[in-house]
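Notes for the one structure printed next.
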Number of protein chains: 2
Amino acid sequence: MQPLGSKADLVSVESIEQELTLLVRRAQKVHLRGGPTEQVVERAAYGILAWLHDTGPLRPSALAAHFHLDASTISRQVASLEQAGLITREADTEDRRAFRLRLTERGRDVLTTTRAERRGVVRKLLQSWSPEDLANFASLLAAFNAGLDKHLASDPNSTERSQR
Amino acid sequence: MQPLGSKADLVSVESIEQELTLLVRRAQKVHLRGGPTEQVVERAAYGILAWLHDTGPLRPSALAAHFHLDASTISRQVASLEQAGLITREADTEDRRAFRLRLTERGRDVLTTTRAERRGVVRKLLQSWSPEDLANFASLLAAFNAGLDKHLASDPNSTERSQR
DNA sequence: CGGTTATGGTTGGTACATGCAACCGCTTGG
DNA sequence: CCAAGCGGTTGCATGTACCAACCATAACCG
């Protein structure tokens with residue numbers, strides 16, 4: 001509809017940057033807990049539980065790579081999840097330095113509950129959207145994340161300081 | 001195309017929840033700094049600078065409301081921005097308890113630089129997108145933020161603990 | 001008025017998230 | 001077998017955030 005690099009594109013990029021900034025800032029506080037009487041599941045922990053659940057037993061290093069976080073950060077969060085009885089570490093048969101993390105029964109339960117609540121919030125937020133918009137948003141968001149992933153992977157610090 | 005509440009909707013909601021979680025987690029680290037030799041502009045500070053710039057002098061309380069953050073959080077960030085010489089406080093003629101925040105010359109410069117860099121990153125991330133997708137993403141993101149804003153405003157804690 | 005309550009902001013205390021540097025122990029390659 | 005490297009942990013520093021307690025001014029009310 002419009003030539004590449006048109007003014008409308010610029011406006012879109014500006015708007016996207018703006019909205020992302022706001023979203024990320026605000027979303028800090030949308031971290032759910034286990035349930036009514038339940039256990040605390042921290043914001044950071046939820047991501048780990050979900051990823052472990054969806055992709056099977058993983059090493060801490062694999063988690064760090066997925067989230068683009070420092071190994072030390074993962075290490076502490078893993079320790080606390082283990083403490084809480086939501087995950088266990090099992091020996092890695094191929095390397096005795098490492099181990100693999102697996103959800104416990106309880107971890108699965110907590111994840112299920114928490115995930116249901118979070119999805120409930122999202123559903124409520126999106127209740128008035130058309131199916132087309134929903135599907136579109138889902139796929140654009142996924143595409144954006146994929147791009148971000150690549151960006152962070154290739155160029156870990158360009159976003160910290162643009163140049164030296 | 002599909003009946004309301006269809007399976008496809010559920011899948012979209014699930015996917016959106018997932019992608020948002022990942023995005024927010026990863027985006028933590030995409031906070032830019034002032035420039036080559038420049039001053040640190042923290043992630044949080046950037047949002048404040050940008051909002052002050054775009055909507056004129058504001059009270060701290062207005063910032064807190066916009067970001068849905070505690071007044072104390074804003075207070076400290078404002079103090080540090082003032083310290084850095086990026087904003088000034090001017091008396092509020094209507095209420096001597098309050099004051100209004102305004103960007104300084106330097107604040108405007110730093111914002112301009114930082115914003116340009118951030119937009120550059122976003123542009124790079126989105127360089128292969130079609131104009132349609134860009135425009136779509138921008139408007140869906142804005143709509144989502146608007147919904148989130150309403151949600152947080154009406155029901156400040158439902159996302160902290162779903163019920164009692 | 002004069003006292004009580006409400007509102008705008010700040011400060012102290014605390015918790016969580018995160019990165020970097022230093023370290024420990026196993027693995028791997030001369 | 002020793003040196004270099006990798007996986008993970010721990011100490012330390014920072015940034016972001018909330019709540020509770022506080023101060024000062026404003027608004028209300030009898």
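It should be emphasised that the depicted structure is a prediction, and the values quoted were computed from it without experimental measurement. Letters go in sequence order (proteins before strands), and every chain restarts at 1.
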Item checked: Derivation of the side chain to side chain donor-acceptor pair (under 3.5 Å) call for B/Thr21 and B/Glu17 -> CA-CA 6 Å; B/Thr21 300; B/Glu17 185 269 328; 3.3 Å; yes
Polar atoms only, N or O, under 3.5 Å: list the protein pairs with nucleotides 4-7 of chain C and their distances.
unit_1, atom_1, unit_2, atom_2, d
C/dT7, O2, B/Arg97, NH1, 2.2

Short N/O separations, protein against nucleotides 1-3 of chain C, under 3.5 angstrom:
none

Given [N], is OP1 or OP2 found less than 4.0 Å from the side-chain N or O atoms of [X]?
X: B/Ser72; N: C/dT10; value: no
X: A/Arg43; N: C/dC16; value: no
X: B/Ser75; N: C/dT10; value: yes
X: B/Gln28; N: D/dG15; value: no
X: A/Arg25; N: D/dA17; value: yes
X: B/Arg89; N: C/dT10; value: yes
X: A/Arg96; N: D/dG7; value: no

Next item on the list: Under 4.0 Å between any heavy atoms, over every strand shown, what does A/Thr73 touch: base, sugar-phosphate, or nothing? Just pick one.
Entry: base
Margin query: Mind checking if B/Ile74 touches a base, just sugar-phosphate, or nothing, with heavy atoms under 4.0 Å?
Written below: nothing
Next item on the list: By nearest nucleotide on DNA chain D, pick out whichever of B/Asp70 and A/Ala79 is the more 5' one.
Entry: A/Ala79
Next item on the list: Spell out, yes or no, whether A/Leu103 and A/Leu63 are grouped together once hydrophobic residues are joined by side-chain heavy atoms under 4.5 Å, including indirect joins.
Entry: yes
Please state how far atom [atom1] in [X] lies from atom [atom2] in [N], giving the value in whole angstrom units.
X: B/Glu42; N: D/dA17; atom1: CD; atom2: P; result: 11 Å
X: B/Arg100; N: C/dG8; atom1: CZ; atom2: C1'; result: 15 Å
X: A/Asp92; N: D/dC6; atom1: CG; atom2: P; result: 17 Å
X: A/Gln83; N: D/dT9; atom1: CD; atom2: P; result: 13 Å
X: B/Leu63; N: D/dA17; atom1: CG; atom2: C1'; result: 16 Å
X: A/Arg26; N: D/dT16; atom1: CZ; atom2: P; result: 18 Å
X: A/Ile48; N: C/dT18; atom1: CD1; atom2: P; result: 9 Å
X: A/Leu81; N: D/dT9; atom1: CG; atom2: P; result: 12 Å

Next item on the list: Could you tell me whether A/Arg59 sits above the aromatic face of A/Phe99, with NZ or CZ closer than 6.0 angstrom to the six-membered ring centre and within 45 degrees of the axis?
Entry: no
Expected output: side-chain [X] to main-chain [Y] donor-acceptor under 3.5 Å:
X: A/Thr114; Y: A/Val110; result: yes
X: B/Thr112; Y: B/Arg108; result: yes
X: B/Thr113; Y: B/Asp109; result: yes
X: A/Arg100; Y: A/Ala91; result: no
X: A/Arg25; Y: B/Gly47; result: no

Below 3.5 Å, can you tabulate the donor-acceptor pairs from side chains in residues 133-149 of chain B to any protein atom, sequence neighbours excluded?
unit_1, atom_1, unit_2, atom_2, d
B/Asn136, ND2, B/Glu132, O, 3.4
B/Asn145, ND2, A/Glu19, O, 3.0
B/Asn145, ND2, A/Glu19, OE1, 2.6
B/Asp149, OD1, A/Arg26, NH2, 3.3
B/Asp149, OD1, B/His68, NE2, 2.5

Check: What about A/Arg76: does its side chain form a donor-acceptor pair under 3.5 Å with the base of D/dG11?
Finding: yes
Margin query: By nearest atom, which of the nucleotides D/dT9, C/dA17, C/dG19 is closest to the A/Gln77 side chain?
Written below: C/dA17
Note to self: Looking only at the side chain of B/Arg59 (C-beta and beyond, no hydrogens), which of the listed nucleotides C/dT10, C/dG8, D/dG7 gets closest?
What the structure shows: C/dG8
Checklist line | Side chains of B/Leu10 and A/Arg123 in contact at under 4.5 Å (non-hydrogen atoms) | finding: yes
Next item on the list: Give the C-alpha distance, both sets of side-chain angles, the deciding distance and a yes or no for side chain to side chain contact (heavy atoms under 4.5 Å, CB included) between B/Arg115 and A/Gln18.
Entry: CA-CA 9 Å; B/Arg115 189 173 250 179; A/Gln18 178 101 354; 3.5 Å; yes
